[in-house]
Structure formats: C-alpha cells, structure tokens
Peer 1: 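I'd like to ask some things about the structure below.
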Amino acid sequence: MTVNTSFDDGTLTLRFEGELDHHAARGAVRDVERAIEAHLPRACVLNLDGLSFMDSSGIAVILKAHRRVSELGATLLVTGARAQPLKVLAAAKLERLITIEHQKELYI
Amino acid sequence: MKEINGVKLEFTSKSANEGFARAAVAVFASQLDPTLDELNDIKTAVSEAVTNCIVHAYPDEIGKILVRAKLFSDNSVEIVVRDWGLGIPDVDAAREPMFTTGGEERSGMGFTIMESFMDRLRVRSAAGKGTTVTMRRTISVRAARK
C-alpha cells in the first residue's frame, strides 16, 4: 500500500495504490497527515484508482483526511474508486459527508 | 442442504494476516464460481471480521483466530470467524453503524459492512471468552453453468 503525493496550484492530490485494510491504514493515515501539513492545501483530492481492495479501515482514513482538510477550510474530493471500494463507500453512506466523484469508465 | 467441502485456517492475530485470511477464503469460495463482485463481497466481509478480532478481541496481546469456511449444495458459503479474546459486552450496540471503541483509526462500520455484503450475519459473544461471527452468502448460479 503506497500513497503518492502531488501538489499543484493549491490542490493536493493523494493517490492510493494497493490494498487499504487495517494493516495498511496506520501508514496511510501518517502519509496523508504529513502531506496535508506540508502543503496546507486549498483543495485535496483522494484518488483511489490504484486501490484493488479497501475495507472499513479506508473509511476511517478518508474521514480523518476530511476532518483535517475541513479545519483548514479546504475542500475534499474522493475520486477514481473501483467497484469494490465504491461499494464500501456506499455502505458507509460516505457521500452524505464527502463528495465522491463517480467515473463511469472505472466501473469495469 | 449438504456440506460439499470445508476448510479451516488458524492464525495469529497479527494485522499482516488480514490479507492472507480474506484471500484464502476467496480462493476457497471460488469453487462455487462466484462473480468478481460476489468474491469481493466475501473478501470484504472476512476482512472486517478478522480485523475486529485483531483490534477488539486481542487489543494488547497476540491471540488465536480461527476461520472456517464451508460450501453447501445450495451454492452457499458459510464463514465462521472465531476468537478467544475479550468478547463484546453489548453485541446489539456493536452492530450499530458508527459505533466503535477502537478510537480514531476505526470507522465503526465493520458489522454494517458484513451485514450488507452477506446474506446472513450472526454474532455470539461472551465477556472474557471470545466471539464467534457466522456469515452466510448464496452465490448466484450463472446461466452459462450446467
């Protein structure tokens, strides 16, 4: 599980790759927090297109990012989730709290 | 309904084993010819159940986790995840969405996800003796199959 960071014009993009479970979550939270503190973004994008698996541990990682980003007055967008992580996001009704961008081509 | 195959896995409550447990059960259940979505549902539910053992049953020690999977003649799979840890004081409360005693790193959605991804979920727990989670899922019989 890796988190790749890119920052451009106030937008911090964090791309997750691999399997995000409880085992990987602690490292993911640390990487996300470090990146947010380093860049203090105006907008943050969590790109999940590299995630082949995610369970509810991923929900906690996203909620943590949401909390910190909200404190900064910035926006958070979750994008690129494949079918399995998307179903977990839906079961947790995360779209009530966070904008989840659905990308049709990623439903394959 | 007849049991047609069964497997038993025992491992220690180390978080590195979460991936092993869900992958092993998924490979075993693939004998029922599930779709990728069905297989992912099973993987996700197993991951949640095993994570609960690691986080909640054995918070301060490494304990034993047993996963048993059985395939039945009606094309269903039953998965039992058992620990001998702390137990859940109030199972009904623990099954409520967003309920967690796991702190900020947990979302409290584990049982909710197990419930919505499987057909049936039963939780039995006794304080100090451990918890047994039993899940069942029927795999759709695909038209192309004989």
Side-chain angles (χ1 to χ4, degrees), chain A residues 1-3 16-34 36 46 48 51-71 76 78 81-98 100 106-108, chain B residues 11-23 25-26 34-59 62 65 81 94-118 121:
Chain A
M1 165 71 218
T2 55
V3 182
F16 293 73
E17 199 167 357
E19 300 204 335
L20 180 48
D21 60 6
H22 157 253
H23 181 63
R26 187 165 291 179
V29 165
R30 189 195 54 221
D31 291 348
V32 168
E33 282 180 336
R34 276 187 191 159
I36 293 172
L46 305 182
L48 309 187
L51 274 190
S52 54
F53 177 85
M54 186 187 94
D55 65 15
S56 70
S57 311
I59 304 288
V61 174
I62 294 169
L63 286 175
K64 192 132 191 182
H66 174 254
R67 208 169 299 137
R68 186 63 189 120
V69 163
S70 300
E71 284 167 5
L76 183 76
V78 174
R82 299 184 203 173
Q84 188 275 337
L86 202 58
K87 197 168 174 185
V88 171
L89 296 173
K93 297 189 168 63
L94 214 65
E95 72 279 0
R96 288 182 182 178
L97 198 63
I98 293 166
I100 298 169
L106 293 164
Y107 271 96
I108 305 162
Chain B
F11 50 92
T12 51
S13 62
K14 294 194 172 182
S15 62
N17 290 331
E18 293 157 8
F20 160 74
R22 64 177 175 262
V25 174
T35 62
L36 187 59
D37 282 348
E38 287 168 334
L39 213 51
N40 278 335
D41 288 353
I42 290 168
K43 263 172 116 168
T44 311
V46 169
S47 199
E48 298 296 348
V50 169
T51 299
N52 271 353
C53 301
I54 292 167
V55 174
H56 299 290
Y58 303 114
I62 297 295
I65 299 172
V81 179
R95 289 178 71 153
E96 285 294 314
M98 314 301 267
F99 177 92
T100 185
T101 55
E104 267 206 335
E105 281 177 22
R106 308 302 312 153
S107 67
M109 295 307 293
F111 279 126
T112 303
I113 286 172
M114 283 180 245
E115 267 170 7
S116 58
F117 284 39
M118 301 297 272
L121 173 73

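The structure displayed is predicted, hence computed values, not measured ones.
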Peer 1: Between A:Ala25 and chain B, which part of the residue has a heavy atom less than 4.5 Å away: side chain, backbone, both or neither?
Peer 2: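 No part of A:Ala25 comes within 4.5 Å of chain B.
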Peer 1: Tell me, out of B:Gly19, B:Ala45, B:Ser116, B:Ser47, who's got the most heavy-atom pairs with chain A below 4.5 Å.
Peer 2: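 Looking at each option in turn, the highest pair count goes to B:Ser47.
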Peer 1: Indicate yes or no for a side-chain donor-acceptor contact from A:Ser57 to the backbone of A:His22 under 3.5 Å, with no hydrogens or angles considered.
Peer 2: yes
Peer 1: Given heavy-atom pairs under 4.5 angstrom as the criterion, report whether the side chain, backbone, both or neither of B:Lys14 touches chain A.
Peer 2: neither
Peer 1: Restricting to side chain to side chain contact (heavy atoms under 4.5 Å, CB included), what partner residues turn up for B:Arg95, sequence neighbours left out?
Peer 2: B:Val91, B:Phe111, B:Glu115, B:Leu121, B:Val123
Peer 1: Do the side chain of B:Asn17 and the main chain of B:Thr12 share a donor and acceptor less than 3.5 angstrom apart?
Peer 2: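 Between the backbone of B:Thr12 and the side chain of B:Asn17 there is a qualifying donor-acceptor contact (under 3.5 Å).
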Peer 1: Given that the side chain runs from C-beta out, which part of A:Lys93 has a heavy atom under 4.5 Å from chain B: side chain, backbone, both or neither?
Peer 2: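 Looking at A:Lys93, nothing touches chain B.
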Peer 1: Measure B:Val50 against the heavy atoms of chain A and call it side chain, backbone, both or neither at under 4.5 Å.
Peer 2: neither
Peer 1: Examine whether an atom of B:Leu36 lies under 4.5 Å from a heavy atom of chain A, and if so say whether it belongs to the side chain, the backbone or both; otherwise answer neither.
Peer 2: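 Neither part; nothing is under 4.5 Å.
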Peer 1: Under a 4.0 Å N-O cut-off, is there an ion pair linking A:Glu33 with A:Lys64?
Peer 2: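 The answer is yes: the pair qualifies as a salt bridge.
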Peer 1: What part of A:Val88 lies closer than 4.5 angstrom to a heavy atom of chain B: side chain, backbone, both or neither?
Peer 2: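 Answer is both: backbone and side chain atoms of A:Val88 are under 4.5 Å from chain B.
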Peer 1: Only counting residues at least two apart or in another chain, list the ones meeting side-chain hydrogen bond (donor to acceptor under 3.5 Å, both in side chains) with B:Thr44.
Peer 2: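 Only A:Gln84 meet the side-chain hydrogen bond (donor to acceptor under 3.5 Å, both in side chains) criterion with B:Thr44.
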Peer 1: Quick check: closest heavy atoms across B:Leu39 and B:Ala26, and the distance to 0.1 Å?
Peer 2: CD1-O, 3.4 Å
Peer 1: May I ask you to name which of B:Asp41, B:Ile54, B:Asp37 has the most heavy-atom pairs under 4.5 Å with chain A?
Peer 2: B:Asp41
Peer 1: How long is the span from the CG atom in A:Leu89 to the CD atom in A:Glu95, to the nearest 0.5 Å?
Peer 2: 8.5 Å
Peer 1: Say whether, by atom type as modelled, one donor and one acceptor occur between the side chain of B:Thr35 and the main chain of B:Glu38 under 3.5 angstrom.
Peer 2: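 Present.
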Peer 1: Under 4.5 Å heavy-atom distance to chain A, tell me which part of B:Thr112 shows up: side chain, backbone, both or neither.
Peer 2: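 For B:Thr112, side-chain heavy atoms alone lie under 4.5 Å from chain A.
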Peer 1: Using a cut-off of under 4.5 Å on heavy-atom pairs, state which of A:Glu19, A:Lys87, A:His23 scores highest against chain B.
Peer 2: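 Ranked by heavy-atom pairs under 4.5 Å with chain B, first place is A:His23.
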Peer 1: Relative to chain A, which of B:Met109, B:Lys43, B:Glu48 shows the most heavy atom pairs under 4.5 Å?
Peer 2: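 Of the options given, most contacts go to B:Glu48.
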